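Read the structure below first, then the notes.
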Amino acid sequence: MTLLEANGLRKTFGGIVAVEEVSFEVDRTEIVGVIGPNGAGKSTMFKLLAGFHKPDEGTVVFDGEDITDLAPNDRTQRGLVRTFQIAQELTGMRVMDNMLLASQNNPGEKVLAAAANTSSVRDFEGTARDRAEELLQFLELWDLRDEYAGNLSGGQRKLLELGRALMADPDLLLLDEPMAGVNPDLTDRLLQRIMDLRDERDMTFLVVEHDIEAIMRISDTVIGMHDGGVLSKGTPEEVQSDERMLEAYLGGEV
Amino acid sequence: MVLDPQLVWNGLVVGSIISVSALGLTLIFGILNFINIAYGDYMAAGAYVAWAVNAQAGLPIGVAIVAGILVMSVGSVVLDKLVFQHFRTRSPITLLIVSIGVAFFIRNLLRAIWGPSGHFYDLPMEASPSFAGVRFSVEQVAIIVVSLLLLLGVYVMLRRTRIGIAMRAASDDRMLSRIRGVDTEKLVLYVWLIGGAIAGLSGIMLGLDAQIRPNMGFTALIAIFAAVILGGIGDPKGAVAGGYFIGVAQEVSVAVIPSEYKFGVGLVALIIGLLTRPDGLFGEATR
Amino acid sequence: MALVDLLLVVGIIAGVYSLLAIGMNMHWGDTGLLNFAHAGFFAVGAYTSAILTTPPATGSLATRVVGFDLPIVVGLLAGTVLAGLVGVLIALPSVRLEGDYLAIVTLSAAELIRLLIHNEAWLTTGAQTLKNIPRPLDATIPFSYDLFYFVLVWALVGVCYLLFERLSSSPFGRVLHAIRENDDVPLALGKNTYVFKLKSFGIGAAIAGLAGGLWAHYVYAISSIMFLPSITFLIWAAVIIGGAGSYTGAILGASVIVFLRQITRFIPGDVPFGDQLSYIRLMVVGVVLILVLYYRPQGLLGDAERLQAGTSE
C-alpha cells in the first residue's frame, strides 16, 4: 500500500534545473534508499518532500492526501518527519529539551495552558520525558541529557538528530545522510534500529545516504538519481548492477 | 495630477542628502556587514564640527566643511580601532547592538559639548532667486551640485580604482575575495575613511538645509535606511536611486497628505520595500 | 527631598523599566526577535490608558474631543491588550524578515506610532501634553503616595516575573527558544513558528503596554517626546547588560540603567560639569553597554555556558 507518492516533481533555481520529472512511490513499512553522485538532486528532492522547497511542477501525496502546498510543520503533524543533513542541533538548548521539543500536540505549547501549568500539561510532559529517556538510553545519550547540545561531538549530534525525529512519532521518516560522521559500530546498531522500527512499529523510511554499503544492507528499494532525475530504481541488487549508475558515479567523480 | 515644480525641487534637495548619506551607510554595510545605528550620529558629529569651525571659530563655511569631513573620516577610523575592531568576529546583531552604545555615546557627547538646542551655520545672507516659478536658495543649489559631484566621484572610485574594485568584490562575496587574497583589514580602513567622510558631508548638508541638532542624524536615519533597503542593502547604485526616490516622494506627498505625515512616506516605503522586494531596486543585493 | 523619597521615585521608574525589559526579554532573550518598537508599545499603553481614564478636554483651546473617564483598572487593562494587538499587527507582515531587517521595520513602525500620536490631536492632544491623568486611589492613601505606587509597580513586576519565568520554562517557551536557536528545526518538528513568533511579539508588547499605563498614571502628564526610540535602545541596553534570556537579569539590567540615568539626583548641586551630567550619564550607558558586550557577552546574569554552546558549530 502506497504511503508517499512523488508525481513529476520539478524544481529550478534561477534557470538551473535541480530536479526534473521525479516520480516514485514509497510503500508502507518499506525502507527506500536514495543514492546518487553529488549534484544529482538528492537534497533538493528531499526538501521538496519535506516541504522546505515548493516544486515548480508536480505533486507530493502522503497517505492519500495531496500535501504539495502544506508547510513543513503541517507535514510533520501528519507523520512525515525529516532530519537535517548537517546536524541542526539547537545548540543553546539541552539535549533533553531538544528531545521534548519534538513531541507532537503538546498542550503546554498553548500560552494559557502553559501559564496555568495545568495537570494535562504536566502529565504530557511526564510521558514525553519517559519516551525521551527510552530513546536517549538507546542512543547512548542519556548521560548527556542535561548537556547543551552544542557541547556534543559530531557523531552524538547525528544521534540526537535521529532521536529527536523519532520523538515526533513519524509514520514516514525522511533521513538525510544519517550515517555521516557516526562510527562504524554505531552505524550497525542504527541500521538495526531502523529495521526494528519498521518491523515493530510499522514505520516507513526514506534514506538519502552516501554510504552505499549501508543503503544496500537495509533498503527494500533503491532509487538511483543522476542529473536531477531518477536514473535507476529497483532492488539493491538491481540498482547496484545497473551500469548506468556506475557510469553516473564515475562521471560524477571526475 | 500635475506635480508642483517647487515640491519636486524640494524633493531633489532632500533626496540629494538622503542619497549621499545612504551611499555612505551602504558602503559600510557592504564591507562590515552590519547595520550601523550610530551612522546618523556620525552625520550629526560632522555637522557640529563644521559648525564649531564656522560659527564659533569664525572661519568660512568652505573651510568648515572640509574640517567636518576630515574629522569624521579620521574619527570613524578611530572609533573602529577603539570599538568595532574588537567585535569583528561577532555576529552582525551583536555589532548592531554595539553601534547602539556608540550612538548613545556620540549623541550625548555632542549635547555635552554644544548643548541640546539647535544651531545654524553662519552664512552670508543672499536672496533666494526664483526660476520658472521655483524658489531656491544658494545652499540648495550647492547641496545638489556637491552631492552629484560626490556620487560621480564615488562611482569612479568604485569602478576605476583598485581599492574601489576590491570593495565591490568584497561586498559581493566576502569569502571569495578573502580567498583571492584581498586584505580585508585594509578595505575596512578605507571604507571607514570614505564612509566617515561621506557621513560628515551629508550631516553638514543636512545642517545647511535645516537646523543642526544633536539628534538630527538619528531622526534622518529611517529615511536613509529606507533608501538603503529599497536600493538593496549593500548596493551603492540602489542606495542613491532609493535616496532620490524617497526624497522626492516625501516632498511631493505634501500635495496629497497632510505635511505632518510626510516623514511617514519614508517609513511606509521602507516597510513596503522590505516586504515586497528584499533584493532591492536592482535585485543584486548582497543578500 | 529626603533620600528615601528619592529612592522611591527612582524605584518606581526602575519598576516600569523592568516591565519593559521583561517584555523585551521575551522577544530577544527567549525568541531571538529584534524588536525595536518597544517605545511604540510603551506609548500605546500610556496613551490608551490616559485617553480612557480622562474626560475629553474642555475650553476654547481644547483639541482633544475623545475621552471616556473610565476607571483606571479598565484603562490599564485596555492599554495592555491594545499594545499587545499592535504588537501582533506589526509582527504580522514583518516577523518573517531576517533579523536586522526586522529591527529596522519595527523601529520605523514605532516612529509611525509616535507620528500618529504627535499629529492626531483630536485623540491624543497631539504635540501638546496630555494632562490630568488620574492617579489610582490618589486621595485615599493615608501614607506616602510614592510608597504606595512603588509597592503597586513592584508587585506587578513580581507577578509578571513569575508569569514570564513560567512561560519561558514551559513547552511554549521551549518552542520560542528553539526559534531563537534555529527556526528551521521547530518548523521541521511540527511547530508553526510564525504563529509562535506572533504570540511572543504580542505578549512582550502587551507588558510594555502595561508599563506605559503605569507610567502615565504616575506622571500625570504625557507627551509624544517621552516615547522616542532612545527608550527602546535603553531597554535593549538593560536586557543585554542584565543578560539576555534571564528575567532576573532583565530586571537587574533595567534597574542598573535607571540608576545610572538618575544617579545625579543623589548628587548635591555644585559638582564639576553639573550642567553636562545628564548627558555624561547617557554616555556612560553607551560605554557600559559596549564593555559588557566585550567582556561579558552573556551579561550580568546570563548563562555563559549556553552562549558558548549556542555559538559552537
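Proteins get letters first, then strands, A, B, ... in listed order; numbering begins at 1 in each. In this text the structure is predicted, and so the values were computed from the model without any measurement.
B/T94 places none of its side-chain heavy atoms less than 4.5 Å from the side chain of C/Y294. In this structure the side chain of C/F36 reaches within 4.5 angstrom of the side chain of B/I100, judged on heavy atoms. The closest side-chain heavy-atom distance from C/I290 to B/F104 is not below 4.5 Å. B/N108 is not listed as a side-chain neighbour of C/I280, based on a closest heavy-atom distance of 4.5 Å or more.
The backbone N or O of C/Q276 lies less than 3.5 Å from no partner atom in the side chain of B/R111, so there is not a single donor-acceptor pair.
Using a 4.5 Å cut-off between heavy atoms, B/I37 contacts chain C through its side chain alone, with no backbone atom that close. Residue B/F34: no heavy atom, backbone or side chain, is found under 4.5 Å from chain C. For B/L96, the part sitting under 4.5 Å from any heavy atom of chain C is the side chain, from C-beta outward, and nothing else. At a 4.5 Å heavy-atom cutoff, the contact between B/V83 and chain C is made by side-chain atoms alone. Only the side chain of B/I93 comes within contact range of chain C, judged by heavy atoms closer than 4.5 Å. Using a 4.5 Å cut-off between heavy atoms, C/L228 makes no contact with chain B at all.
For the options C/L116, C/N119, C/V105, heavy-atom pairs under 4.5 Å to chain B are most numerous at C/N119. Your options are B/P116, B/S99, B/G266, B/G115, and the one with the most heavy-atom pairs under 4.5 Å with chain C is B/P116.
For CG of C/L92, the number of neighbouring non-hydrogen atoms (other residues, nucleotides, ligands) closer than 6.0 Å is greater than 12.
Here the closest heavy-atom approach between residue C/S108 and residue B/I222 is recorded as OG-CG2, 3.7 Å. Of all the heavy atoms in C/L115 and B/E260, the pair that sits closest is CD1-O, 3.9 Å.
To the nearest 0.5 angstrom, C/L112 atom CG is 8.5 Å from B/Y261 atom OH. Interatomic distance, CZ of B/R107 versus CZ of C/F233, reported as 7.0 Å (0.5 Å rounding).
Between B/F105 and C/Y279, the ring centre distance reaches or exceeds 6.0 Å.
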